[in-house]
Each structure stands twice: as C-alpha cells, then as structure tokens.
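Below is one structure; the comments refer to it alone.
Note that ligands are numbered from 1 as they come in the structure, with each ligand's atoms numbered from 1 the same way. Values below: all heavy atoms of this structure, side chains included; hydrogens, waters and symmetry mates excluded.
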Amino acid sequence: MTQDRIDDVWGERTPHARGTEWPTRVDLHLHDGVREEEVERWVQSACLLCSNGCGVDIAVKDGRMVGVRGRATDRVNHGRLGPKGLYGSTPWASSPDRLTRPLVREDGRLVETDWETAMGRIVAESTRLLEEKGPLSHGFYTSGQLFLEEYYVQAVVGKAGVGTPHMDGNTRLCTATAAAAFKESFGTDGQPGAYDDIEHCDAVFLYGHNMAETQTVLWARILDRTRGEDPPKVVCVDPRRTAVAEEAERTGGVHLRPRVGTNLALMNALTREVLENDWVDRDYVEAHTIGYDDLVATVAPYTPEEAERICGTPADDVRRAARIFGESEAVLSTVLQGFYQSHQATAASVAVHNLHLLRGMLGRPGAGVLQMNGQPTAQNNRETGADGDLTGFRNWDNPQHVRELAEQWNVDPMTIPHWAPPTHAMQIFSYAEAGTIGLLWISATNPAVSMPESARIRRILGGDQCFVVVQDLFLTETAELADVVLPAAGWGEKTGCFTNVDRTVHLSEKAVDPPGEARSDLDIFVAYADAMGFTDEDGEPLVKWRTPEEVFDAWREATRGRPIDYTGLSYDKLRGPSGIPWPVDEEHPDGTVRLYADGVFPTQTEVCETFGHDLVTGAAHTEEEHRALRPDGRAFLKGAPYSPPHEEPSEDFPLRYTTGRTVYHFHTRTKTGRAKRLDDAAPDAWVQLCASDAEARGVADGDWVLVESPRGSIEVRARIGPVMEGAVFAPFHYGHWDPTGLCPDAETRQANELTMTVWDPVSKQPTFKTAACQVTKVRTDERRR
Ligand SMILES: Nc1nc2c(c(=O)[nH]1)N[C@H]1C(S)=C(S)[C@@H](COP(=O)(O)OP(=O)(O)OC[C@H]3O[C@@H](n4cnc5c(=O)[nH]c(N)nc54)[C@H](O)[C@@H]3O)O[C@H]1N2
Ligand SMILES: Nc1nc2c(c(=O)[nH]1)N[C@H]1C(S)=C(S)[C@@H](COP(=O)(O)OP(=O)(O)OC[C@H]3O[C@@H](n4cnc5c(=O)[nH]c(N)nc54)[C@H](O)[C@@H]3O)O[C@H]1N2
Ligand code: SF4
Ligand SMILES: [Mo]
C-alpha cells in the first residue's frame with residue numbers, strides 16, 4: 001500500500017490515552033511500477049532526512065534501492081514515515097547526474113580524472129602546506145549527515161594526524177546551540193529527555209520549532225496524544241501561525257508570537273512568572289542546582305508587560321503560558337532553530353533548562369527537555385569531535401582528558417590541538433578567506449547555499465587563496481567552485497551508525513553498491529591518512545581500522561567511562577528489532593531512556609566538557625573559577641538580560657527577515673529535489689508576508705517581489721500568510737540548481753544572499769533568523785494575468 005504523504009503529511013491518526021503505548025502504523029512506498037512482491041531484499045537502516053531517526057528497511061531490486069518501509073518494531077517511529085522519508089530517501093541514488101568519477105580543476109575547468117590523480121593532488125598540496133606552514137594551514141568542514149564511524153576517523157585524522165584545531169561541521173549552523181546549552185546547564189552534551197515523554201506529558205512546549213513540518217513523525221506522535229483521551233496542551237513560540245500554533249490554539253494552550261529576535265525577553269518573562277507564582281520545586285532546586293539567586297535577579301525586570309513591549313506578545317498570553325508550565329506535572333519542551341539561529345541563542349535555550357530545573361521536571365516520564373537536533377547524524381559529529389570538540393564529550397581545557405585520548409590513539413598528547421578552543425566554522429571560513437587556511441576540505445555539506453551571506457562564501461570558495469576539496473554525491477553549487485571534487489557513496493551504499501535526538505543509536509546497513517568509482521567517506525579519509533603516512537608513537541599507521549565495524553569497536557573504547565558510554569553496543573546488538581539509546585554499558589545493557597533521573601549531572605570539574613561561559617559575552621570561565629563554584633553534580637541555573645538583534649529594522653529595511661524550511665524539501669534539495677513528488681510539491685522559492693504588509697506594498701498572493709537586505713537581494717514569488725506583522729519568512733532550500741529548468745529566477749532566489757555574518761557568543765551558531773529587509777513588488781504573477 002502506498003500512502004499519500006504530500007497532501008496528508010502526518011497520515012491517519014492512531015489516537016491513544018496518556019500513559020498508553022503509541023500504536024503501530026507501517027508506512028511504505030515503492031518507486032513507480034515496483035510491486036511489493038518484486039522486492040528482493042529489505043535492508044535494515046534508519047531515515048537520514050532529519051534528526052528524528054525513524055527506523056526503516058530499504059527495498060532492493062536489481063541492485064537498486066527502490067523504496068522504503070517504516071520499521072514497526074522501532075522505538076522511534078513504530079512504523080511511520082513522513083513525506084521526505086517516504087519519497088526522498090531513495091530516488092536520488094540512481095539519479096543520472098550522480099558523481100561517479102573524481103574531478104580536478106584544469107585551466108579553470110573541472111575535468112574527470114582517476115582517484116590516483118585526484119588524491120595525489122590533495123596529498124601534494126597537503127604535504128607542501130604542512131612543510132611550509134604547519135597544521136594550521138588545514139581546515140576541515142564536515143557535516144551532520146555522515147556516519148559516526150566516518151566522523152570518528154575524520155576526528156582522529158584531523159586531531160592526531162594533521163594536528164589542526166580548524167575542524168567543524170555544518171552542525172555549527174544546526175545544533176551547536178543544543179550542545180552549548182547542555183554543557184552550560186548540565187556539564188556535558190547529552191539529551192536528557194526521550195520521545196517516550198510524549199506519551200506521559202500533560203503539556204508540550206515547542207520553542208522556535210515547527211515540528212509539524214520538520215520532524216513530521218514526531219509531530220504525528222504528538223497529534224496522536226492531542227487527539228486522544230486526556231490530551232496535553234500545546235504551547236507554541238513562533239512568529240508564524242504554523243500548524244503547531246494551530247494545535248496550540250485547538251488544545252487550549254497558547255500561541256506565543258514573539259517579534260523575530262526577541263526570544264530571551266519572552267523566556268525571562270516566563271521564568272519570572274514561574275518564580276512570582278512560586279511554582280518552584282524548592283527541594284529539587286536546593287538539592288540539585290546552583291545559581292538560583294542570580295537567576296531571580298536577572299529576570300526580575302521582565303514583567304509580562306515588559307515582554308509585551310519588547311516582543312509584541314500580549315502580557316496575558318505570557319501569563320497563560322507560564323501558568324500551563326507552572327501547573328502541569330510533566331512538561332516536555334522542544335527547542336529548535338527559532339531559538340538556535342537567533343542572537344542570544346545559548347542564553348534563550350538555557351532558559352528552557354532553567355524552567356525545567358525550577359520545576360524539578362527532568363528525568364521522569366513526561367518531564368523532559370529535547371534540545372532538538374536537525375540533521376540525522378549531527379549528534380555523532382558532536383560525540384566524536386569532528387566539530388572540533390574533544391572526542392567523547394571530553395574537555396579540551398582538561399589535560400587529563402587530552403591524555404586519555406592520546407593513550408587511546410597512541411600519540412603524544414601535544415599533537416592533539418588543545419592550546420585554545422577549537423575553531424568554529426564561521427572562523428574557519430574567515431581564515432580560508434584570508435588564505436591562512438590554504439586547504440579546506442568540505443564533506444557532505446553545501447555551504448555555497450547554506451552559509452550566511454552567500455556572495456562572500458562564493459568568493460571564498462572560488463578564490464585562489466585556498467585549495468578547496470569537496471566530497472559529495474552531486475556537483476553542488478559548492479562543488480562547482482572546488483579544486484578537487486571526490487565522488488562519495490551515500491546512505492544505503494555504505495554501512496555505519498548514527499544517533500538521533502533522543503540518543504537512539506541505529507545501524508544503517510549497505511543495501512547496494514555506489515555508482516561508478518564513488519567511495520564511502522570512510523574509505524576516502526582512510527586513504528588520505530595512509531597516503532600521508534600518519535603514524536602513531538610506535539610508527540604503526542595512525543588509522544588502523546579498515547571496516548566500519550572496526551572503527552565502531554574502537555569508538556566504543558573511546559567512550560568508556562564517559563557520560564556517552566557506547567561500550568555495551570555492537571553491530572550485532574544493533575541488528576535487533578529497534579535502535580538503542582545510549583548510554584549502554586554493563587549497568588544499562590539495554591540502553592537508557594532518560595538521563596538525570598537521579599538529579600546528578602556531569603558537572604564535576606574533572607568530568608565536565610566545559611568550565612562554562614558568560615552567556616552575554618561568551619567569555620570562558622577557568623578551571624579555578626569552575627572549581628570554586630563547587631558544582632559537584634548539581635546543574636547550573638544561568639540567566640542573561642535581553643539585548644536587541646544585531647540588525648534592527650530601519651527606514652530603508654523596515655521588515656524583519658527570517659528564514660527556515662518547508663515540509664517537502666531537505667536543505668539544499670540535493671536529495672528531495674530529485675524526488676518527483678517532493679519537487680512537484682515545492683518547485684520554487686518564495687517569501688511569506690502578512691496581509692497588511694503585502695497590502696501596504698501593493699503585493700498580491702503570487703506576485704514577484706524583490707527582497708533586499710544590506711547584503712543582497714532575491715527575486716521570488718510572494719505568499720501571503722499567517723506570519724507576524726513586520727516579519728518576512730523565506731525558505732532557504734533554493735540555490736541556483738534547478739532540476740526542472742522551469743524556474744525563471746533560479747539565479748536570484750537564494751535566501752542566504754540576505755543573511756548576515758554574525759553568531760552567538762557562546763555556541764558560535766550563525767544567526768539565520770534575524771536581519772532587516774525591504775520587499776517591493778516587481779511584477780504581477782503571470783498565471784493571473
Ligand atoms: N522538511 C524539512 N525538515 C527538516 C529539515 C529540512 O530542511 N526540511 N531540516 C532538518 C534540520 S537540519 C533542522 S536544523 C530542522 C530545523 O527545524 P525547525 O527549527 O523546526 O525549522 P525552521 O523552519 O528552520 O525554524 C523553525 C521556526 O522558527 C521560527 N522562527 C523564526 N524566527 C524566529 C524567532 O525569532 N523566534 C522564534 N521563537 N521562532 C522563530 C520560524 O517561523 C519557523 O517556523 O529541521 C530538520 N527537518
Ligand atoms: N538561511 C538559512 N540558512 C540555513 C538554515 C536556515 O534555517 N536558514 N539552516 C542551517 C542548517 S540547520 C543546516 S543543517 C544547514 C544545512 O545545509 P547543508 O549542509 O549545506 O545542506 P545539504 O543540502 O543537506 O548538504 C549536504 C550535502 O551532502 C551531500 N551528501 C549527502 N550524503 C552524503 C554522504 O554520505 N557523503 C558525502 N560526501 N556527501 C553527502 C548532499 O548531496 C549535499 O550536497 O543549512 C543551514 N543554513
Ligand atoms: S520524520 Fe525525519 S527521520 Fe522520520 S521519516 Fe521524516 S525525515 Fe525521515
Ligand atoms: Mo540543521
């Protein structure tokens with residue numbers, strides 16, 4: 001049976017009562033013309049098109065992936081799949097424009113070559129730069145979409161082979177704030193809550209998270225509660241009236257509409273209300289937290305009326321939302337890009353932790369926080385340290401942690417960069433711009449479309465000051481600018497593990513061979529390490545592993561005794577009916593559903609992943625300062641005053657520009673743009689503005705408009721919709737790649753032409769959700785003429 005997940009995004013309801021199990025519903029889709037009985041093999045995996053991590057089986061026929069089926073037994077999705085998972089998981093793989101051979105730049109043009117030539121050029125450039133300039137000449141910019149094993153090898157190669165601190169992922173654009181917020185509040189990264197909390201909560205708060213479009217299966221899970229007996233109330237914090245906001249209104253919850261860029265003022269007001277009404281679990285706060293008095297003082301000025309003045313959100317709505325939080329027994333909070341990609345990102349996300357700590361709502365059924373991830377494997381990048389962090393949630397500022405890794409890898413601790421914080425992605429691009437990074441290796445990400453201020457990024461990638469390697473499935477907007485392009489094997493064409501938002505680890509098995517000469521990212525990084533001759537202290541190869549499973553087994557050892565313990569997991573164990581949530585060790589052989597059930601947090605000075613930061617300035621605290629606070633397993637309550645965004649509306653740019661997603665596309669569309677059903681559903685870019693802002697500009701629905709910011713402009717169609725007055729929303733999926741060739745303005749539609757190069761002081765996550773813009777009508781929609 002094939003479902004329609006284009007018009008019916010969440011599928012049919014399977015409502016159920018609080019505390020009962022989420023029913024199973026199996027979703028299946030096969031390519032046109034393929035019947036179920038023709039499928040030769042079903043291969044175990046999990047969906048790679050968002051962080052939800054739905055369990056799937058891949059259908060194989062004649063050596064090709066021909067569809068997917070949700071895994072009924074998986075704890076994450078109980079069989080369900082959403083539109084991207086169903087229709088977008090497999091068609092790209094057999095697309096005729098896959099990269100099948102390496103490319104190198106000759107006389108300004110990219111030409112096909114063999115692996116020896118392509119890798120030879122990289123190794124020659126790398127060797128020359130290491131000899132002439134040392135390790136700081138190298139930068140690695142990776143992904144949230146590779147497998148755990150691939151990141152781990154990349155981390156080892158970067159840290160112990162090359163020895164560069166310039167390593168990060170597009171996770172910086174994605175979930176750096178989730179990691180930073182966990183570290184500031186709880187000591188290390190690691191998701192406290194679990195999806196199962198949906199079955200037990202009596203309220204769900206979604207902060208800057210359009211879950212209905214971005215984790216559709218998780219949203220279906222919430223709908224099955226809100227449409228069942230004893231439903232939870234939903235509270236939505238979003239300047240747009242999304243499907244989440246509608247559900248908030250329907251369930252008697254609240255839709256809080258903060259002005260774009262004012263989250264922290266709203267959070268401070270919610271916190272103040274909880275304190276004022278004494279909805280505080282005093283015993284919990286006393287036993288398990290520090291920082292209460294400072295927090296009380298910080299939020300004191302933020303009355304609901306003050307929030308209304310700053311955020312434009314009615315004071316009574318703030319009161320109602322705070323009451324729901326204060327009077328519920330079990331609240332589940334989810335946080336995502338409306339918070340993470342705004343200025344003051346870490347402070348606003350930490351404020352969500354504060355609310356839960358004040359109410360003692362962590363670690364028990366229904367009471368949990370999900371600082372969401374976005375990309376399917378963002379978590380693993382953070383775990384392995386391919387984002388620059390020290391592997392296994394270790395602290396780069398703790399010499400003992402560095403020694404542990406050096407022992408693990410059998411290298412001198414001094415080869416592992418730890419003299420300064422790891423370089424974040426935005427800084428890596430600045431170094432590449434200046435040419436101090438002379439070799440930038442980009443894997444599984446398309447920064448020419450996804451990084452802020454596109455014109456600048458194109459200049460950096462296309463210039464002569466830096467040698468750019470791009471490893472991808474397709475000749476993306478980024479690959480077009482590279483010096484060497486390496487053809488990679490994708491999901492289903494290689495084996496590896498990855499971990500979703502609620503720490504559930506899945507094994508994804510190879511189903512088919514990659515096309516042509518494409519190789520797995522793991523094989524490519526191993527080949528580079530071998531060719532460079534990186535060795536350990538005994539002169540043995542630094543990277544000793546050849547198969548994903550060998551890497552996984554080595555990785556397990558690197559996590560032993562850390563909060564993220566994988567030692568009880570193995571490929572065999574992961575071949576069971578469901579993914580398994582870490583930590584998995586001798587004490588918890590079947591995994592751990594919730595962290596911090598005992599109220600003990602990994603904040604001890606010897607254990608924590610960071611000594612903490614000032615949330616306003618980002619200034620790092622020292623070990624001595626941390627020790628003096630004696631956190632000793634207690635969580636930090638941390639507050640910060642609100643400050644306005646970097647760019648406020650002005651006479652020339654009177655509107656607030658914010659960006660995000662649509663349900664039918666994943667990022668720069670390299671997969672979903674090659675799935676006909678999805679591409680047909682959303683073939684071209686647009687901006688959303690409200691009726692009054694449109695009317696003031698003489699703009700009707702469907703008209704072509706020019707959207708300008710101080711950094712650039714785009715020409716797209718206008719959609720009039722329920723976005724807050726004064727705000728303009730643009731999806732960021734559309735670069736100049738235009739699969740149908742039907743989009744008249746494909747060259748001028750990229751949302752990031754307008755965004756700015758600024759970032760949060762703590763997480764260093766760039767700000768995609770605040771800028772100023774103007775909208776003017778260009779021409780009437782030709783379809784209406
Ligand atoms: N369909 C689809 N699903 C995806 C993805 C995709 O590309 N497409 N990508 C995946 C990835 S990597 C990620 S990171 C997630 C992202 O998932 P989300 O964070 O849910 O998606 P966004 O659309 O980026 O932003 C969420 C909401 O933030 C709101 N917002 C904008 N400005 C503000 C503000 O100032 N304050 C508040 N409170 N809200 C604001 C927007 O109106 C938007 O509805 O989605 C994942 N899932
Ligand atoms: N304005 C604005 N900009 C944003 C955002 C926003 O909300 N607004 N969101 C940001 C966020 S949260 C994210 S996550 C980023 C996403 O931005 P990108 O990371 O640029 O997005 P993708 O299009 O997913 O790029 C992944 C690339 O990896 C390739 N790929 C897939 N699988 C593999 C593999 O196994 N191996 C290799 N080598 N390549 C592979 C794909 O073909 C694709 O080119 O965008 C960010 N940019
Ligand atoms: S919710 Fe995410 S993981 Fe699940 S099917 Fe949809 S895209 Fe895939
Ligand atoms: Mo993301």
Side-chain angles (χ1 to χ4, degrees), residues 27 46-54 56 68 70 76-77 80-86 88-89 92 143-147 150 170-171 173-175 206-211 213-220 237-240 242 244 256 258-263 266 336-342 348 372-376 378 443-452 470-474 476 478-479 486-491 493-494 500 520-521 524 645 656 658-672 723 727 729-733 751-752 754-755 766 768-770:
D27 289 341
C47 176
L48 200 81
L49 289 172
C50 90
S51 55
N52 205 50
C54 298
V56 304
V68 286
V76 170
N77 54 325
R80 288 164 192 76
L81 295 173
K84 292 197 301 331
L86 267 186
S89 287
W92 58 271
S143 186
Q145 298 170 47
L146 297 181
F147 290 154
E150 299 178 317
N170 64 1
T171 46
L173 322 181
C174 184
T175 62
L206 297 100
Y207 299 94
H209 183 193
N210 184 12
M211 189 197 282
E213 294 200 59
T214 57
Q215 275 86 19
T216 57
V217 171
L218 202 59
W219 182 244
V237 184
D238 197 308
R240 293 190 304 148
T242 57
V244 176
L256 294 169
R259 227 168 245 140
V260 166
T262 63
N263 296 320
L266 181 70
L336 200 45
Q337 300 307 354
F339 270 40
Y340 298 172
Q341 292 174 341
S342 199
M372 297 297 293
N373 298 340
Q375 291 174 94
S443 46
T445 178
N446 188 7
V449 181
S450 57
M451 275 200 148
V470 171
Q471 194 164 304
D472 206 288
L473 312 173
F474 296 101
T476 59
T478 301
L486 302 176
W491 177 88
E493 298 168 345
K494 58 186 180 183
N500 77 347
S520 77
D521 297 270
I524 299 172
R656 291 172 196 269
T658 191
T659 62
R661 290 158 171 79
T662 171
V663 66
Y664 301 116
H665 278 302
F666 185 60
H667 299 167
T668 72
R669 297 169 302 127
T670 63
K671 289 181 175 171
T672 51
V723 60
F729 175 87
F732 84 100
H733 306 292
N752 276 321
L754 275 63
T755 48
F768 291 109
K769 299 244 187 303
T770 68

**Asked** For ligand 2, which atoms, with element, lie under 4.0 Å from some heavy atom of K769?
**Response** 7 (O)
**Request:** Any atoms of ligand 2 less than 4.0 Å from a non-hydrogen atom of Q471? List them with their elements.
**Result:** 37 (C), 38 (N), 39 (N)
**Prompt:** Counting from 1, what ligand 3 atoms have a heavy atom of L49 closer than 4.0 Å?
**Reply:** 7 (S)
**Prompt:** Mind checking whether F339 has a heavy atom under 4.0 Å from ligand 1?
**Reply:** yes
**Asked** Against heavy atoms of H665, which atoms of ligand 1 measure under 4.0 Å?
**Response** 1 (N), 2 (C), 6 (C), 7 (O), 8 (N)
**Request:** Output the list of atoms in ligand 3 that are nearer than 4.0 Å to some heavy atom of L81, sorted by atom number.
**Result:** 5 (S)
**Asked** Would you say N373 and ligand 1 have an N/O pair spaced under 3.5 Å apart?
**Response** no
**Prompt:** Taking only heavy atoms of G660, which atoms of ligand 1 are found under 4.0 Å from at least one of them?
**Reply:** 22 (P), 23 (O), 24 (O)
**Complete:** Atoms of ligand 2 under 4.0 Å from any heavy atom of T659, numbered from 1 in the order shown, are 1 (N), 2 (C), 6 (C), 8 (N)
**Request:** List the closest protein heavy-atom neighbour of atom 4 (Fe) of ligand 3: residue, atom name, distance to the nearest 0.1 Å.
**Result:** C54 SG, 2.3 Å
**Prompt:** Which of the atoms of ligand 2 are close to C174, meaning less than 4.0 Å from one of its heavy atoms?
**Reply:** 12 (S), 14 (S)
**Message:** Main chain of M372, side chain of Y340: is a donor-acceptor contact present, judged purely on distance under 3.5 Å?
**Reply:** yes
**Request:** For ligand 2, note which part of S443 has a heavy atom under 4.0 Å away: side chain, backbone, both or neither.
**Result:** neither
**Fill in**
Counting heavy atoms under 4.0 Å, the part of M451 that contacts ligand 2 is neither
**Message:** So, 4.0 Å and heavy atoms of G490: is ligand 2 close enough to count as a contact?
**Reply:** yes
**Message:** Does the residue E493 have a heavy-atom contact with ligand 2, meaning some pair of atoms that are separated by less than 4.0 Å?
**Reply:** no
**Prompt:** Any idea how W92 and F474 line up, ring-wise: parallel (<30°), tilted (30 to 60°), or perpendicular (>60°)?
**Reply:** perpendicular
**Asked** Does the side chain of Q375 pick up a donor-acceptor pair with the side chain of T171 at under 3.5 Å?
**Response** no
**Asked** Would you say T262 and ligand 1 have an N/O pair spaced under 3.5 Å apart?
**Response** no
**V260: numbered ligand 1 atoms lying under 4.0 Å from its heavy atoms** = 35 (O)
**Asked** Does K84 approach ligand 1 within less than 4.0 angstrom via side chain, backbone, both or neither, non-hydrogen atoms only?
**Response** side chain
**Asked** Would you say Q337 has any N or O atom under 3.5 Å from an N or O of ligand 2, going by distance alone?
**Response** no
**Asked** Using heavy atoms and a threshold below 4.0 Å, how should the contact between L173 and ligand 2 be classified: side chain, backbone, both, or neither?
**Response** both
**Prompt:** At what distance is the nearest protein heavy atom to atom 1 (N) of ligand 2, and which residue and atom is it?
**Reply:** N752 OD1, 2.7 Å
**Request:** For ligand 1, find out whether one of its N or O atoms is nearer than 3.5 Å to an N or O atom of F729.
**Result:** no
**Asked** Distance from H733 atom NE2 to T662 atom OG1, nearest 0.5 Å?
**Response** 5.5 Å
**Prompt:** Quick one: nearest non-hydrogen protein atom to atom 8 (Fe) of ligand 3, plus distance?
**Reply:** C47 SG, 2.3 Å
**Proximal ligand 2 atoms for T670, defined as those under 4.0 Å from one of its heavy atoms** = 41 (C), 42 (O), 43 (C), 44 (O)
**Request:** Please say whether R240 places an N or O atom under 3.5 Å from an N or O atom belonging to ligand 1.
**Result:** yes
**Asked** Hey, is N210 touching ligand 1 through its side chain, its backbone, both or neither, going by heavy atoms under 4.0 Å?
**Response** both
**Asked** Quick one: which ligand 1 atoms are inside 4.0 Å of a heavy atom on V237?
**Response** 38 (N)
**Asked** Considering only the protein, which heavy-atom contact is closest to atom 7 (S) of ligand 3, and what is its distance?
**Response** K84 NZ, 3.4 Å
**Prompt:** For the atom pair CG (N263) and NZ (K769), what is the distance rounded to the nearest 0.5 Å?
**Reply:** 10.5 Å
**Request:** Determine whether any heavy atom of N77 lies closer than 4.0 Å to an atom of ligand 3.
**Result:** no
**Request:** Would you check whether T476 reaches within less than 4.0 Å of ligand 2, judged by its heavy atoms?
**Result:** yes
**Complete:** atom 32 (N) of ligand 2 sits nearest the protein heavy atom L473 CD1, 3.7 Å
**Prompt:** N/O to N/O below 3.5 Å, does that happen between T662 and ligand 1?
**Reply:** yes
**Item:** For V663, atoms of ligand 1 separated by under 4.0 Å from a heavy atom
**Value:** 1 (N)
**Contact atoms of ligand 1, heavy-atom distance to H209 under 4.0 Å** = 20 (O)
**Request:** Give the atoms of ligand 1, by number and element, whose distance to some non-hydrogen atom of C50 is under 4.0 Å.
**Result:** 47 (N)
**Prompt:** What residue and atom, counting heavy atoms only, is the protein's closest point to atom 2 (Fe) of ligand 3, and at what distance?
**Reply:** C50 SG, 2.2 Å
**Request:** Could you grab the distance from atom CZ of R656 to atom OG1 of T262, nearest 0.5 Å is fine?
**Result:** 7.5 Å
**Request:** May I ask you to identify the nearest protein heavy atom to atom 44 (O) of ligand 2, giving residue, atom name and distance to one decimal place in Å?
**Result:** D472 OD2, 2.6 Å
**Prompt:** Can you tell me the protein heavy atom closest to atom 26 (C) of ligand 2 and the distance?
**Reply:** A444 O, 3.4 Å
**Complete:** The answer for which part of A489 has a heavy atom under 4.0 Å from ligand 2 is backbone
**Request:** Tell me which protein heavy atom sits closest to atom 5 (S) of ligand 3, plus the residue, atom name and distance to 0.1 Å.
**Result:** G82 N, 3.4 Å
**Asked** Just heavy atoms, cut-off under 4.0 Å: does N170 contact ligand 2 by side chain, backbone, both, or neither?
**Response** side chain
**Prompt:** With no hydrogens and no angle check, is any side-chain donor or acceptor of T672 less than 3.5 Å from a backbone partner on F666?
**Reply:** yes
**Item:** Atom indices of ligand 3 within 4.0 angstrom of G53 heavy atoms, with elements
**Value:** 3 (S)
**Request:** Among all protein heavy atoms, pick the one closest to atom 38 (N) of ligand 2 and tell me residue, atom and distance.
**Result:** D521 OD1, 2.8 Å
**Asked** Is ligand 2 under 4.0 Å from a heavy atom in the side chain of L146, in the backbone, in both, or in neither?
**Response** side chain
**Under 3.5 Å donor-acceptor, N752 side chain and S450 backbone** = yes
**Message:** If the cut-off is 4.0 Å to any non-hydrogen atom of A488, which atoms of ligand 2 fall inside it?
**Reply:** 36 (N), 37 (C), 38 (N)
**Complete:** Note: ligand 3 atoms sitting under 4.0 Å from heavy atoms of V217 are 1 (S), 4 (Fe)
**Item:** Side chain, backbone, both or neither: the part of T668 lying under 4.0 Å from ligand 2 by heavy atom
**Value:** both
**Request:** Only heavy atoms count here, so choose which of R669, H733, Q341, R661 is nearest to atom 13 (C) of ligand 2.
**Result:** R661
**Message:** Need the ligand 1 atom indices (1-based, order shown) with element for anything under 4.0 Å from a heavy-atom of T658.
**Reply:** 31 (C), 32 (N)
**Request:** With heavy atoms of K494 as the reference, note each atom of ligand 2 found under 4.0 Å away.
**Result:** 34 (C), 35 (O), 36 (N)
**Item:** Shortest protein heavy-atom distance from atom 46 (C) of ligand 2, along with the residue and atom involved
**Value:** S450 O, 3.5 Å
